[in-house]
Amino acid sequence: MRKNANTRITGTNVILVPYQKKHVAKYHEWMKCPMLRYLTGSEPLTLEEEFEMQIHWLEDEDKCTFIILDKHVFDSTESEAEAMIGDTNLFFNDPQEPHIAEVEIMIADEASRGKKRGWESCILMIQYGMSLMEAKSDILRECRMKFLHTFQTSCEFWLPVQLVNFLLVPASLRVTYVSVASFCWVNILCYLKNIPVVECIEDKVER
């Protein structure tokens, strides 16, 4: 999607950047892994086909792709290729419903898993996608204003939820428990999304 071709989203631990030619070689190495191909529903491609696919993903209006960088690695190396840890996508699957999209996330770098990099990337992508679909003039303004508060709220919600999950909930009920918690979290996200940006600015000033 060309709308995000010049967009860069910076979070606390990750940076989202558009998928460009300089990222293809490392992405191709990731996708040699049978498990990643299985989990993402991908077919094995040659490097040349991967470069062609990158162009298609840039031009297709039903996809919005960002490469996920580890912010700390990028700050120390200034190399996007070295800092790559995964990707995140918005898929607009129904042309009749342009305001509905599916978010997908992949943390391909094994060393970066279990560090909440995917969690943070998803929050950034959801906020970006909502602003994109609302056709706001400054798409990133809401991300900048709301990210820290949203990330802080997610930690305050999910850490106790998972603590209870692993300490008290029987293994046979954990999927149900997390599903209910996820439903609650989606509603919290909707509430945070609908808080006016002005209130977020005032809250930052007070702190």
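All of these numbers come straight from a predicted model, not from anything done at the bench. In what follows, residues are counted from 1 in the order of the sequence shown.
A search for side-chain hydrogen bond (donor to acceptor under 3.5 Å, both in side chains) contacts involving Asp94 returns nothing, not counting sequence neighbours. Partners of Asp75 under the side-chain contact (heavy atoms from CB on, under 4.5 Å) rule, at least two apart in sequence or in another chain, are Lys71. Listed by chain and number, the residues in a salt bridge (Lys or Arg N to Asp or Glu O under 4.0 Å) with Asp60 are Lys63 (sequence neighbours excluded). For Glu59, the salt bridge (Lys or Arg N to Asp or Glu O under 4.0 Å) partners are Arg2, not counting sequence neighbours.
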Q: Output, in order, the C-alpha distance, side-chain angles, deciding distance and verdict of side chain to side chain contact (heavy atoms under 4.5 Å, CB included) for Trp57 and Asn89.
A: CA-CA 10 Å; Trp57 282 59; Asn89 306 280; 3.2 Å; yes
Q: Any chance you could lay out the side chain to side chain contact (heavy atoms under 4.5 Å, CB included) test for Glu104 and Thr88, step after step, and finish with the verdict?
A: CA-CA 6 Å; Glu104 290 193 358; Thr88 182; over 6 Å; no
Q.
Set out, in order, the CA-CA distance, both residues' side-chain angles and the distance that settles side chain to side chain contact (heavy atoms under 4.5 Å, CB included) for Trp158 and Ser182, then state yes or no.
A. CA-CA 9 Å; Trp158 281 109; Ser182 298; 3.6 Å; yes
Q: Test Arg117 against Asp70 for side chain to side chain contact (heavy atoms under 4.5 Å, CB included), laying out the working first.
A: CA-CA 8 Å; Arg117 301 299 191 256; Asp70 186 296; 3.5 Å; yes
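A heavy-atom distance below 4.5 Å is not found between the side chains of Glu50 and Gln54. With a 4.5 Å cut-off on side-chain heavy atoms, Cys184 and Phe157 count as touching. Within the 4.5 Å cutoff, side-chain heavy atoms of Thr7 are placed close to those of Phe66. Looking at Ser154 and Trp185, their side chains come closer than 4.5 Å, going by heavy atoms from C-beta outward. Arg174 places a side-chain heavy atom less than 4.5 Å from the side chain of Phe166. Contact check for Met125 versus Leu90: side-chain heavy atoms found under the 4.5 Å cut-off. The shortest side-chain heavy-atom distance between Pro95 and Asp62 does not fall under the 4.5 Å cut-off.
Heavy atoms only, all atoms of each residue included: His28 and Leu47 are closest at CE1-N, 3.5 Å. In terms of heavy atoms, Glu49 sits closest to Thr46 at OE1-N, 2.8 Å.
By the criterion of side-chain heavy atoms lying less than 4.5 angstrom apart, applied directly or through intervening Ile, Leu, Val, Met, Phe, Trp or Tyr residues, Leu45 is not grouped with Ile55; the two fall into different hydrophobic clusters. Clustering ILVMFWY residues whenever any of their side-chain heavy atoms sit less than 4.5 angstrom apart, transitively, puts Leu36 in a cluster other than the one holding Met53. Transitive grouping of hydrophobic side chains (ILVMFWY, heavy atoms separated by less than 4.5 Å) keeps Val175 and Phe183 in distinct clusters.
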Between side-chain atoms of residues 9-21 and protein atoms elsewhere (two or more places apart, or another chain), which donor-acceptor pairs fall under 3.5 Å?
unit_1 : atom_1 : unit_2 : atom_2 : d
Asn13  : OD1    : His72  : NE2    : 2.8
Asn13  : ND2    : Glu120 : OE1    : 3.4

Less than 3.5 Å apart, which donor and acceptor atoms pair up between the side chains of residues 105-114 and the rest of the protein, not counting sequence neighbours?
unit_1 : atom_1 : unit_2 : atom_2 : d
Asp109 : OD2    : Ser112 : N      : 3.3
Asp109 : OD2    : Ser112 : OG     : 2.6
Arg113 : NE     : Ile107 : O      : 2.9
Arg113 : NH2    : Ile107 : O      : 3.3
Arg113 : NH2    : Ala108 : O      : 3.3

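Formation of a donor-acceptor pair under 3.5 Å by the Lys146 side chain with backbone atoms of Leu192 is found in this model. At distances below 3.5 Å, at least one donor-acceptor pair connects side-chain atoms of Arg37 with backbone N or O atoms of Lys32.
For Arg8 and Tyr128, the positive end is not near the middle of the six-membered ring at less than 6.0 Å and at most 45° from its axis.
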